Amino acid sequence: MALMITDDCINCDVCEPECPNEAIFLGPLIYQIHPDKCTECVGHFDEPQCQQVCPVACIPVDPQHRESRDELQAKYDRLQAASRPA
Ligand code: SF4
Ligand code: SF4
């Protein structure tokens with residue numbers, strides 16, 4: 001599953017640099033997670049890094065983007081292939 005940031009976010013900025021997929025960005029009001037880039041940290045870490053650092057625990061799984069571990073791994077593989085120099 002991709003994760004999402006709820007409106008409890010206090011814009012503390014600590015999660016954005018922790019994301020290995022650059023999936024976190026500052027939206028109009030609060031930080032947001034791009035679902036096409038979030039692998040729940042599969043391929044990089046055992047635990048979602050953003051959840052580990054968020055001081056207000058406002059990063060749950062996104063019910064709109066439920067994915068199996070295999071699907072997350074495939075997303076990771078796609079992201080890696082896209083980031084390789086041609
Ligand atoms: S779970 Fe991992 S990949 Fe997804 S937004 Fe958080 S840090 Fe980024
Ligand atoms: S760590 Fe949590 S509170 Fe801080 S910017 Fe990220 S989502 Fe918002």
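Remember, it's 1-based here, ligands and their atoms both numbered in the order they're listed. Predicted model, so just to flag it, every value in this text is computed and none were measured.
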**OP:** Using a 4.0 Å heavy-atom threshold (strictly under), name the region of I24 that reaches ligand 1: side chain, backbone, both or neither.
**Re:** side chain
Original post:
Counting backbone and side-chain atoms alike, does C15 have an N/O/S atom under 2.8 Å from atom 6 (Fe) of ligand 1?
Top reply: no
What atoms in ligand 2 come closer than 4.0 Å to a heavy atom of [X]?
{"X": "V14", "result": "1 (S)"}
{"X": "V56", "result": "3 (S)"}
{"X": "P55", "result": "1 (S)"}
{"X": "I59", "result": "7 (S)"}

How close does the nearest protein non-hydrogen atom get to [atom], and which residue and atom is it?
{"atom": "atom 7 (S) of ligand 2", "answer": "C58 SG, 3.5 Å"}
{"atom": "atom 2 (Fe) of ligand 2", "answer": "C54 SG, 2.4 Å"}
{"atom": "atom 4 (Fe) of ligand 2", "answer": "C12 SG, 2.3 Å"}
{"atom": "atom 3 (S) of ligand 2", "answer": "I10 N, 3.4 Å"}
{"atom": "atom 8 (Fe) of ligand 2", "answer": "C9 SG, 2.4 Å"}

Original post:
Does any N, O or S atom in C50 come within less than 2.8 Å of atom 8 (Fe) of ligand 1?
Top reply: no
**OP:** Could you tell me whether the side chains of D13 and Y31 share a donor-acceptor contact shorter than 3.5 Å?
**Re:** yes
Original post:
Hey, any chance I59 and M4 share a hydrophobic cluster, counting ILVMFWY side chains that come within less than 4.5 Å of each other, even indirectly?
Top reply: no
Subject >> Linked, directly or transitively: V61 and I33 (ILVMFWY side chains, under 4.5 Å) >> reply: yes
Under 4.0 Å from any heavy atom of [X], which atoms of ligand 1 are there?
{"X": "C38", "result": "1 (S), 3 (S), 4 (Fe), 5 (S)"}
{"X": "I33", "result": "5 (S)"}
{"X": "C41", "result": "1 (S), 2 (Fe), 3 (S), 7 (S)"}
{"X": "N21", "result": "3 (S)"}
{"X": "T39", "result": "3 (S)"}

**OP:** With E16 as reference, evaluate L26, V53, I24 under the side chain to side chain contact (heavy atoms under 4.5 Å, CB included) test and give the passing residue.
**Re:** I24
**OP:** Using side chain to side chain contact (heavy atoms under 4.5 Å, CB included) as the criterion, point out the one residue from C54, P35, P48, C15 that pairs with L3.
**Re:** P48
Atom pair [atom1]/[atom2] of [X] and [Y] - distance to nearest 0.5 Å:
{"X": "E22", "Y": "C38", "atom1": "CD", "atom2": "SG", "answer": "13.5 Å"}
{"X": "S68", "Y": "E71", "atom1": "OG", "atom2": "CD", "answer": "3.5 Å"}
{"X": "Y76", "Y": "R69", "atom1": "OH", "atom2": "CZ", "answer": "11.5 Å"}
{"X": "N21", "Y": "E40", "atom1": "CG", "atom2": "CD", "answer": "11.5 Å"}
{"X": "D46", "Y": "Q52", "atom1": "CG", "atom2": "CD", "answer": "10.0 Å"}

Original post:
Got a donor-acceptor contact below 3.5 angstrom from the Q49 side chain to the E47 backbone?
Top reply: yes
